Amino acid sequence: REITDRTKAFIKRNARSKTPFFAYVPYTQTHFPVTASQEFRGKSGNGQWADILMQIDAYVGELLDAVRQTGKEQETIVIFTADNGPEMLPDHQGWAGPWRGSYFTAREGSLRVPFILRWPGKVPANRVSNEIVHQMDLFTTIASIVGVTLPTDRQIDGVDQQAFFAGDTDQSARESFVVYVGEEIFGVKWRHWKMLNKEFDGATGFGKIVRYGIPRFYNLYDDPKELYPVTSKRPGESLWVRWPMADVLAEHLKSLQREPPVSPGTKDPYAPSG
């Protein structure tokens with residue numbers, strides 16, 4: 001409630017002073033612990049997870065109303081998304097639809113999240129796509145929209161999705177990404193294929209990590225729950241996808257050599273001097 005009220009005040013304050021604004025609104029829900037506020041507790045009649053969904057839906061509606069009331073609706077980009085799939089703790093778990101896996105796995109249930117972008121007059125309404133967009137693309141895309149030149153002295157992992165969001169093309173500027181769980185690389189997602197070098201031995205982030213000498217491949221169109229690894233022995237199937245997916249992983253590993261990750265306690269090489 002407080003996050004919503006403070007954000008509404010922030011929007012209106014900046015609109016009155018004619019100041020362009022950026023509001024990052026990190027709701028603590030629907031994250032663990034799933035606990036609805038008093039006004040929504042029991043309101044859905046379908047459990048605490050449904051109560052939380054009602055609460056977030058109502059609060060987001062208030063934010064959209066606040067933008068509309070300022071008269072800045074046509075000039076405001078609103079993005080609604082999440083950073084991972086459902087929780088894996090009993091009594092706080094969410095639902096990933098047809099996908100298997102929870103937060104902290106390499107399964108589609110962990111990787112796929114809601115993503116809604118609203119920009120009246122710029123982004124076509126009611127358009128739905130199953131193309132790949134990564135959270136990292138938001139930084140690059142927003143920078144492009146507002147005319148910011150990105151630095152060239154470092155690696156930028158995001159791609160500019162402005163043309164895709166605007167409906168100028170039906171194809172995302174991204175067709176792949178490397179799948180991490182924590183700091184470990186688990187595999188690669190490429191188009192509707194998944195290559196995994198390791199997995200948890202269950203559908204959640206609990207349990208042991210099983211490491212494969214030979215990667216496992218999943219066709220997510222045929223097998224959205226990632227239950228049946230594709231092999232060259234199955235009639236009509238081929239593992240030609242291992243070549244483009246291996247290229248994605250190889251290029252990523254090269255990038256880590258060009259720009260090694262900063263370890264905890266290490267000085268940020270891009271931090272301002274002095």
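Excluded from the calculations below are hydrogen atoms, water molecules and symmetry mates; all remaining heavy atoms, backbone and side chain alike, are included. Everything numeric in this text was worked out from a predicted model, so none of it was measured. For the single chain, residues carry numbers from 1 onward in sequence order.
By the criterion of side-chain heavy atoms lying less than 4.5 angstrom apart, applied directly or through intervening Ile, Leu, Val, Met, Phe, Trp or Tyr residues, Phe186 is grouped together with Met88 in one hydrophobic cluster. Tyr59 and Leu53 end up in the same hydrophobic cluster when Ile, Leu, Val, Met, Phe, Trp and Tyr side chains are linked at under 4.5 Å. Transitive grouping of hydrophobic side chains (ILVMFWY, heavy atoms separated by less than 4.5 Å) brings Leu111 and Ile209 into a common cluster.
The ring pair (Phe, Tyr, Trp, His ring centres under 6.0 Å) pairs that include a residue from residues 204-226 are His192-Tyr221, where partners are two or more places apart or lie in different chains.
Counting all heavy atoms, side chain and backbone alike, Arg107 lies closest to Glu226 at NH1-O, 3.0 Å.
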Next on the checklist: Show, in sequence, the C-alpha distance, side-chain angles and deciding distance for Arg118 and Val123, and conclude whether the side-chain contact (heavy atoms from CB on, under 4.5 Å) test is met.
Outcome noted: CA-CA 6 Å; Arg118 183 178 186 271; Val123 173; over 6 Å; no
Checklist entry - Where do Ser37 and Gln55 land on the side chain to side chain donor-acceptor pair (under 3.5 Å) test, with the steps shown first? => result CA-CA 8 Å; Ser37 63; Gln55 179 174 327; 3.2 Å; yes
Checklist entry - Between Phe200 and Val181, is a side-chain contact (heavy atoms from CB on, under 4.5 Å) present by the stated rule, with each step listed? => result CA-CA 10 Å; Phe200 283 97; Val181 177; 4.1 Å; yes
Checklist entry - What's the verdict on side-chain contact (heavy atoms from CB on, under 4.5 Å) for Thr30 and Trp49, showing C-alpha distance, side-chain angles and the deciding distance? => result CA-CA 8 Å; Thr30 54; Trp49 181 258; 3.4 Å; yes
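Apart from Phe10 itself, the hydrophobic cluster it occupies contains Ile11, Phe21, Val67, where clustering links Ile, Leu, Val, Met, Phe, Trp and Tyr at side-chain heavy-atom distances under 4.5 Å. Taking Ile, Leu, Val, Met, Phe, Trp and Tyr as hydrophobic and joining them when side-chain heavy atoms fall under 4.5 Å apart, one finds Tyr24 in a cluster with Phe22.
Scored by the side-chain contact (heavy atoms from CB on, under 4.5 Å) test, Phe139 finds Leu150, Ile156 as partners (sequence neighbours excluded). In this view, Asp65 and Arg68, Gln69 satisfy the side-chain contact (heavy atoms from CB on, under 4.5 Å) rule, not counting sequence neighbours.
Residue Arg127 qualifies as enclosed at atom CZ: its count of foreign heavy atoms under 6.0 Å is above 12. Within a 6.0 Å sphere centred on CD1 of Ile214, other residues, nucleotides and ligands contribute 12 heavy atoms or fewer.
Note that NZ of Lys122 and CG of Leu117 are 13.0 Å apart. Values are rounded to the nearest 0.5 Å. In this structure, the separation between CZ on Phe32 and CD on Gln93 is 12.0 Å, given to the nearest 0.5 Å.
There is a side-chain donor-acceptor pair under 3.5 Å between Gln161 and Ser172. Looking at Thr140 and Asp160, their side chains never bring a donor and an acceptor atom within 3.5 Å of each other. When only modelled atom types and interatomic distance are considered, His252 and Tyr180 share a side-chain donor-acceptor pair under 3.5 Å. Ser144 and Gln162 form a side-chain donor-acceptor contact under 3.5 Å, judged by distance and modelled atom types alone.
Trp190 places no side-chain N or O within donor-acceptor distance of the main-chain N or O of Glu175, the cut-off being under 3.5 Å.
Side-chain atoms of Thr76 and Thr70, non-hydrogen and from C-beta on, never get closer than 4.5 Å to each other.
Using a 4.0 Å cut-off between a side-chain N of Lys or Arg and a carboxylate O of Asp or Glu, Glu184 and Lys198 qualify as a salt bridge. Taking a cutoff of 4.0 Å between a charged side-chain nitrogen and a carboxylate oxygen, Arg1 and Glu62 qualify as a salt bridge.
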Please tabulate, for side-chain N and O atoms in residues 78-86, each donor-acceptor pair with protein atoms closer than 3.5 Å (sequence neighbours left out).
unit_1: Thr81; atom_1: OG1; unit_2: Pro114; atom_2: O; d: 2.7

